[in-house]
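Note sheet for the following structure.
From a predicted model like this one, the values you see are computed outputs, not experimental measurements.
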Amino acid sequence: MRWVIIVLFISGVTLNYVTRNSLGIMAPELKTLFNMSNEQYGYITTAFQAAYTIAQPICGWLIDVIGLKIGFAVCAVLWSITCIFHSGAANWIHLAILRFFMGTTEAAAAPANAKVMTEWFPKKERTIANGWGGVGFSLGGMLAPPLIYGLHSVFGWQAAFVVPGALGIVWALIWWKVYAPPRESKLINPAEREHILADQDPPFTGKKPALWTSLGQLLKIRRFYGIALPAFLSEPAWQALGFWVPLYMAQVHGFKLKDIAMFAWLPFLLADISNVLGGYMVPLLSKRFNLSRINAAVLTSTTGAFCMLCLTAAAFSQNPYIAVLLISMGGFGHQLVSSMLGVLVMETIPAQQVATANGLRGSFAWVAAAISTLVIGHVTTLYGAGGFFGVFICLGLFDLVGALLMFIFIWDRRPSMPPAVPVMA
């Protein structure tokens with residue numbers, strides 16, 4: 001049943017990312033339709049990012065307090081309705097207002113991810129479950145280009161927002177009907193329930209802290225900065241994949257909307273592969289080199305940081321197909337970093353605060369996302385297509401700095417247990 005829950009969660013997050021990325025896919029046409037500049041488009045995406053930044057820890061705290069069943073279902077209904085309302089926009093200001101409200105509710109996805117892993121999986125399985133659970137975050141980005149282009153081609157641009165929104169409402173009803181934690185679920189058999197609960201911390205019975213108290217407690221944890229600061233440095237690249245790469249391919253390499261739909265999903269496909277691979281790398285490194293799960297996650301994340309150098313290389317590519325390949329490798333590297341940050345939240349934060357912590361981690365990330373979106377919008381408006389050159393160089397280097405910070409703040413310096421030595425008779 002725990003894997004059924006993962007599949008259900010993945011499908012919800014996939015719809016979350018389809019609705020989120022619909023704007024990026026439609027950006028070239030909407031810019032013409034509403035006579036938008038790159039800078040105005042940057043304001044629209046920044047409105048989403050600002051709301052997402054503020055709302056993530058609030059959504060996380062809400063989920064910690066009232067639970068995933070109700071909290072995530074309500075947010076899904078609200079973000080879906082807001083997506084449908086995009087079809088009635090008449091100018092870029094309308095889009096900016098709608099994106100702000102969408103960001104407020106879609107912010108529940110990342111905190112919910114950490115919560116569902118800690119509720120439904122024993123500790124020894126969480127890294128693998130997190131790898132599979134994270135697939136939804138990139139699967140939505142992968143499916144969005146062909147789906148949104150198909151809806152646009154057949155039914156017009158409004159359908160690109162109405163159909164994903166309607167599907168989100170249907171999914172929310174299914175989630176509300178099916179989901180319950182394993183202690184309460186009527187769908188789980190007793191053997192699996194015992195398997196899960198035997199390797200979890202005892203349920204928290206104290207009074208759940210208020211929002212500001214919980215945030216204050218988290219900000220006093222030194223290790224939290226080994227998660228939050230790398231998240232700050234990593235997120236601009238992911239935002240670029242969703243919001244700016246379609247415009248980059250159009251303005252630098254002359255891609256039309258059909259070409260964008262054919263290739264814009266590739267970075268998210270590699271991100272999916274990276275998610276799953278990272279989940280298996282942590283227990284493998286931990287066992288092979290006798291590392292704690294924390295250190296194994298740090299090393300896996302560092303591997304992803306080096307893969308991000310492909311984005312820097314993409315800045316120098318004159319061949320559009322090589323550029324797509326290098327950008328896709330950047331998607332692989334980013335998601336390896338991001339999934340490991342989720343693992344580190346689960347490994348270092350008490351279960352009763354894990355959704356709040358993951359939301360606060362997301363706030364750090366999305367502050368950087370908002371800043372980077374404004375900067376990219378300004379630079380590419382000022383320098384045109386040439387502005388993307390410096391953007392991609394920077395995006396490829398940020399994660400190496402983040403990896404260094406992880407070694408400083410979170411690397412477990414306690415000696416690992418030596419491997420067992422067989423006793424001779």
Side-chain angles (χ1 to χ4, degrees), residues 2-3 6 9-10 13 56 60 109-138 196 199-201 218 221-235 238 271-305 307-308 332-351 353-362 364-365 399 402-403 405-407 409-412 414 416:
R2 62 194 186 278
W3 297 105
I6 283 290
F9 180 75
I10 288 172
V13 175
Q56 277 197 86
N113 181 68
K115 194 70 172 180
V116 76
M117 302 306 160
T118 55
E119 283 192 348
W120 268 93
F121 285 85
K123 290 180 179 179
K124 62 185 177 183
E125 294 181 357
R126 285 177 187 169
T127 57
I128 294 174
N130 185 72
W132 284 103
V135 163
F137 290 91
S138 44
I196 294 170
D199 189 27
Q200 289 188 345
D201 294 329
L218 291 169
I221 301 174
R222 184 177 187 272
R223 279 186 162 181
F224 177 73
Y225 294 94
I227 301 169
L229 295 178
F232 179 91
L233 291 164
S234 180
E235 189 64 25
W238 186 248
D272 275 337
I273 296 171
S274 173
N275 257 317
V276 177
L277 179 64
Y280 288 95
M281 281 182 66
V282 171
L284 179 64
L285 289 174
S286 183
K287 182 178 180 180
R288 179 66 179 85
F289 298 104
N290 195 33
L291 298 170
S292 67
R293 285 194 294 264
I294 290 175
N295 288 355
V298 170
L299 289 178
T300 302
S301 181
T302 302
T303 302
C307 292
M308 291 296 292
F332 179 93
H334 168 84
Q335 205 59 21
L336 204 56
V337 173
S338 182
S339 64
M340 290 304 102
L341 294 176
V343 168
L344 291 169
V345 167
M346 292 186 289
E347 290 293 328
T348 58
I349 305 298
Q353 287 184 291
V354 73
T356 309
N358 215 33
L360 186 57
R361 183 257 289 200
F364 273 79
D399 279 292
L405 292 172
M406 293 174 77
F407 279 97
F409 284 102
I410 207 168
W411 180 264
D412 192 350
R414 293 171 296 180
S416 300

Find out whether Lys115 and Asn358 are in side-chain contact, i.e. whether some heavy atom of one side chain is under 4.5 Å from a heavy atom of the other. no
Whether Asp199 side chain and Lys123 backbone form a donor-acceptor pair below 3.5 Å: yes
As an exercise, state the distance from CE of Met281 to OG of Ser286, rounded to the nearest 0.5 Å. 12.5 Å
Sidechain-backbone polar pair: Ser234 side chain, Pro230 backbone, donor-acceptor under 3.5 Å: no
Just say parallel, tilted or perpendicular for the rings of Phe121 and Trp3, cut-offs at 30° and 60°. perpendicular
Just verifying a value: how many Å separate Leu229 CG and Leu341 CG, rounded to the nearest 0.5 Å? 10.5 Å
Enter the distance from Thr356:OG1 to Gln56:CD here, rounded to the nearest 0.5 Å. 12.0 Å
Tell me which one of Asn295, Val282, Val343 satisfies side chain to side chain contact (heavy atoms under 4.5 Å, CB included) with Thr300. Val282
So do Pro283 and Thr127 actually touch side chain to side chain, heavy atoms under 4.5 Å? yes
Could you tell me if the side chain of Arg361 sits less than 4.5 Å from the side chain of Leu344, heavy atoms only? no
Minimum side-chain heavy-atom gap Met117-Ile6 below 4.5 Å: yes
Please answer whether the main-chain N or O of Thr118 pairs with a side-chain N or O of Arg126 as donor and acceptor at a distance below 3.5 Å. yes
Going through the distances and angles, do Phe289 and Leu299 end up as a side-chain contact (heavy atoms from CB on, under 4.5 Å)? CA-CA 11 Å; Phe289 298 104; Leu299 289 178; over 6 Å; no
Quick check: do Ile227 and Phe364 have side-chain heavy atoms less than 4.5 Å from each other? no
Do the non-hydrogen side-chain atoms of Phe409 and Leu405 ever get within less than 4.5 Å of each other? yes
Ile196 to Glu119 - nearest heavy-atom pair and separation: CG2-O, 4.0 Å
Verify, without hydrogens or angle tests, whether Gln335 (side chain) and Ser274 (backbone) share a donor-acceptor contact under 3.5 angstrom. no
So does Asn130 get a backbone contact from the side chain of Asn113, meaning a donor-acceptor N/O pair under 3.5 Å? no
Are Asp412 and Arg223 side-chain neighbours, meaning at least one heavy-atom pair lies under 4.5 Å? yes
Minimum heavy-atom distance between Gly359 and Pro111, given as atom pair plus value: CA-CG, 3.8 Å
Quick one: closest heavy-atom pair of Ala357 and Val345, and the distance? CB-CG1, 4.1 Å
Atom of Ile410, atom of Gly226 and distance for their closest heavy-atom approach: CB-CA, 4.3 Å
If you compare all heavy atoms of Ile128 against all heavy atoms of Gly279, which two are closest, and at what distance to 0.1 Å? CG1-O, 3.4 Å
At what distance, to the nearest 0.5 angstrom, does CE of Met340 lie from OG1 of Thr303? 10.0 Å
Working to the nearest 0.5 angstrom, can you tell me the gap between Phe332 CZ and Asn275 CG? 10.0 Å
Please check: side-chain N/O of Thr302 versus main-chain N/O of Val298, any donor-acceptor pairing under 3.5 Å? yes
Ignoring hydrogens, what is the shortest heavy-atom contact between Trp411 and Phe407? Give both atom names and the distance. CB-O, 3.4 Å
Is there a side-chain contact between Ile349 and Ile221 in this structure, where contact means two heavy atoms from C-beta onward sitting under 4.5 Å apart? yes
